[in-house]
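Single-structure report; data block below.
In what follows, chains carry the letters A, B, and so on, assigned in the order in which the sequence lines appear, proteins first and then strands, with residues in each chain numbered from 1. Every value quoted in this text rests on a predicted model; they were computed, and no experiment measured them.
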Amino acid sequence: MTFRYLPDVALADVAFEAEATSLGGLFESCALAVTDIMVDPATLRATVGRDIALESDDADRLLYDFLTELIIAKDVDSLLFRDYSVEVASDGRSLRAKARGESIDRERHSLRNDVKAVTMHMFGIRHEGDRWRATIVLDI
Amino acid sequence: MAQTSSFKQLSDFSWEIPQAYKPGMNVPAKIYATRKLLEAMDSGVIEQVTNVACLPGIVRQAYAMADAHWGYGFPIGGVAAFDLEKGVISPGGIGFDINCGMRLIRTNLTYSEVKPKIKELVDLIFKLVPAGVGVKGFLRVSEPQFDEIMKYGVKWCAENGQAWEDDPAHVEEGGYIKGADPSKVSRQARTRGIGQLGTLGSGNHYLEIQVVDPARHFDPQLARHFGIVQEDQVLVMVHCGSRGFGHQIGSDYLRVFDGAMKRYGIQVKDRELACAPFTSKEGKDYYGAMVCAANMAFTNRQIIVQRVREAFSKTFHREAEALDMHLIYDVCHNVAKVERHAYDGTNADVLVHRKGATRSFGPGHPDIPAPYRDIGQPVIIGGSMETGSYLLVGTQKAMAETFGSTAHGSGRTMSRTAAKREVRGAELQRKMLDRGIYVKAATMDGLAEEAGMAYKDISEVVETMDKAGISKKVVALRPVGNIKG
């Protein structure tokens, strides 16, 4: 599981490429990147758990919806997550995930950017050899 | 850098990209820029403005303003008008942050009065106007009230003790755009938006205490119409939009339009240009939802200004009314609206998309509030947090050339990552303080990302729009206090 930022893709926003050896791992990498953009994860504790179950038309859309869930949890419930475990069905059209984190604490958390939306720019999952990769651009 | 050899130079400040530039262009594209700005413009702008020129039902020209830079689908700093029957509506032509905009209020205070209290004032505003990741506003509204806000914006505020009597008239469209349909807004968008009224957000959004710059007070006579009557007068500028609410509506309908395009046989050159006929069910639904977000954004800026008035009142121990804290104007810069325009020998209603572009209606237009009608609509252009901002007015030439539109700001030239590499937030904060700008930021990383060097030179953008004649400079405003989300 890993991700790297792509600083030249969207000047006003934040882009990253994530990769993993499984589709579920790729979703976890992407989620960790979204966390890293919003907060220094080292300052987050994992005291609250949230179960997420989603169905979608295809794996791309499923990833889009999953990341959108994390943005909504931040806006609606003031929750940021640091640990993720994601299982994606073999057809790539549904997932069950557990996210662990805590409520935003402005004193203790080193907050960064407020992610507002996942964009469709360059969006997509690629299966290359034994690796799953995705490029994501987030609107800041 | 843009390849400009095939462009036709129309003047020192405007260029035409002919229809032959790219297969599928329905109209030419027009760029407002000096040669220097044009050559520095990223090539993405040329690609995108010519993609926009390919959209069905676009009329006359696709425009890129002097501040244009790459955006999702449409360039930021882009304007496009569409025939209501044959044309489309595109979320990419409006932007994710629906009705992101600028609001300017005046005070009767001078900098010499504010300077000794700037820290106290900025710190208090920072407390009263939540900014940063995942913040909630102080205003709690019920679901039915939120529906009313979606429909009536600042009019709702005026009826519920959240606005002064003359505030709605000093907001574009009188404080709310007609045609909102809350039934077309998703549950997710509602839950994201309802707690965010009165919050600044983050990214490039800011709230700034500004001072009239005596060296760049271009038209004191015009400025008097806005109650700007003295050098060193203090004003307050707010830049923000519809927060997560508008973003969610944008995301929801991008998905709807992705499917709708197949049904309507529309092919676009970029997935972010997803669109639907304005007359289609999907097009109408999006318009109804988008207007809800636009009205929420007007309300958001209004609630923020109420808190700013409260902060000034507490800091200076006078009622906000006694401080003359009237709204000069509030302009959208991410929106699509039905407006009547004269073009190509006709006078017709068109759907004008402005994405990172400001309405710039000229003198005499009936939509301009009465006190300003003879001089033109106020145009508020925000610069980077270090360089200052401008107040201009709209012109007849804008009505004739750009569907009454002009630029909106400066536009980034450096990525967020690169800006953070160049400067640390704490160091920038100290340097700005040395230059007389007290900054309070929700995050130091966010502050570094918004450093002035990451942006285009606002003065050159404003000069270009002024010389091109599609807006007219009134006064420059320099920052003395800044709240950064």
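- Note on B/Arg271, B/Arg416, B/Arg421: by heavy-atom pairs under 4.5 Å with chain A, the leading option is B/Arg416.
- With respect to chain B, the highest number of heavy-atom pairs below 4.5 Å among A/Val118, A/Ile71, A/Asp65 belongs to A/Asp65.
- Salt-bridge annotation for A/Asp114 and B/Arg243: present, with a side-chain N of the basic residue lying under 4.0 Å from a carboxylate O of the acidic one.
- Residues of residues 48-57 of chain A lying under 4.5 angstrom from chain B, judged on non-hydrogen atoms, are A/Ser56, A/Asp57 in numerical order.
- Atom CZ of A/Arg108 sits in a crowded spot, with more than 12 heavy atoms from other residues, nucleotides or ligands closer than 6.0 Å.
- In this structure, the ring-ring contact (aromatic ring centres under 6.0 Å, His included) partners of A/Phe123, at least two apart in sequence or on a different chain, are A/Tyr64.
- With values rounded to the nearest 0.5 angstrom, A/Met120 atom CE is found 10.5 Å from B/Asp270 atom CG.
- Proximity to chain B (any heavy atom under 4.5 Å) is shown, for A/Ser110, by neither the backbone nor the side chain.
- Taking B/Ile194, B/Asp445, B/Thr191 one by one and counting their heavy-atom pairs under 4.5 Å with chain A, the maximum is reached by B/Thr191.
- No donor-acceptor distance shorter than 3.5 angstrom exists from the side chain of B/Glu272 to the backbone of A/Thr119, with no hydrogens or angles considered.
- Interface remark: B/Ala131 contributes backbone atoms only to the contact with chain A (heavy atom separation under 4.5 Å).
- Using a 4.5 Å heavy-atom cutoff, the side chains of A/Arg61 and B/Arg255 are in contact.
- Taking A/Asp8, A/Val14, A/Asp77, A/Asp13 one by one and counting their heavy-atom pairs under 4.5 Å with chain B, the maximum is reached by A/Asp13.
- Applying the 6.0 Å contact sphere to CD of B/Glu143 captures more than 12 heavy atoms from other residues, nucleotides or ligands.
- At most 12 heavy atoms of other shown residues, nucleotides or ligands fall within 6.0 angstrom of atom NZ in B/Lys127.
- Put simply, of A/Leu80, A/Val9, A/Ile140, A/Val115, the one with the most heavy-atom pairs under 4.5 Å next to chain B is A/Ile140.
- Taken from NZ in A/Lys116 to OG in B/Ser251, the straight-line distance is 12.0 Å, to the nearest 0.5 Å.
- Under the salt bridge (charged side-chain N to carboxylate O under 4.0 Å, His left out) criterion, A/Arg82 pairs with no residue at all, not counting sequence neighbours.
- Interface remark: of the candidates A/Ser78, A/Ala117, A/Ala12, A/Ala12 forms the most heavy-atom pairs closer than 4.5 Å to chain B.
- Contacts between A/Ile104 and chain B at a heavy-atom distance below 4.5 Å involve the side chain alone, from C-beta outward.
- Note on B/Gln248, B/His247, B/Glu449: by heavy-atom pairs under 4.5 Å with chain A, the leading option is B/His247.
- Within residues 132-140 of chain B, the residues having any heavy atom less than 4.5 Å from a heavy atom of chain A are, in residue-number order, B/Gly132, B/Val133, B/Gly134, B/Val135, B/Lys136.
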Practice task
Step by step, work out the side-chain contact (heavy atoms from CB on, under 4.5 Å) result for A/Leu11 and B/His69.
Solution key: CA-CA 9 Å; A/Leu11 289 190; B/His69 52 287; over 6 Å; no
Handout entry: From CA spacing to verdict: side-chain contact (heavy atoms from CB on, under 4.5 Å), B/Tyr72, A/Asp139
Key = CA-CA 10 Å; B/Tyr72 301 109; A/Asp139 195 55; 3.6 Å; yes
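- Within the 3.5 Å criterion, the main-chain N or O of A/Ile72 finds no donor-acceptor partner in the side chain of B/Arg192.
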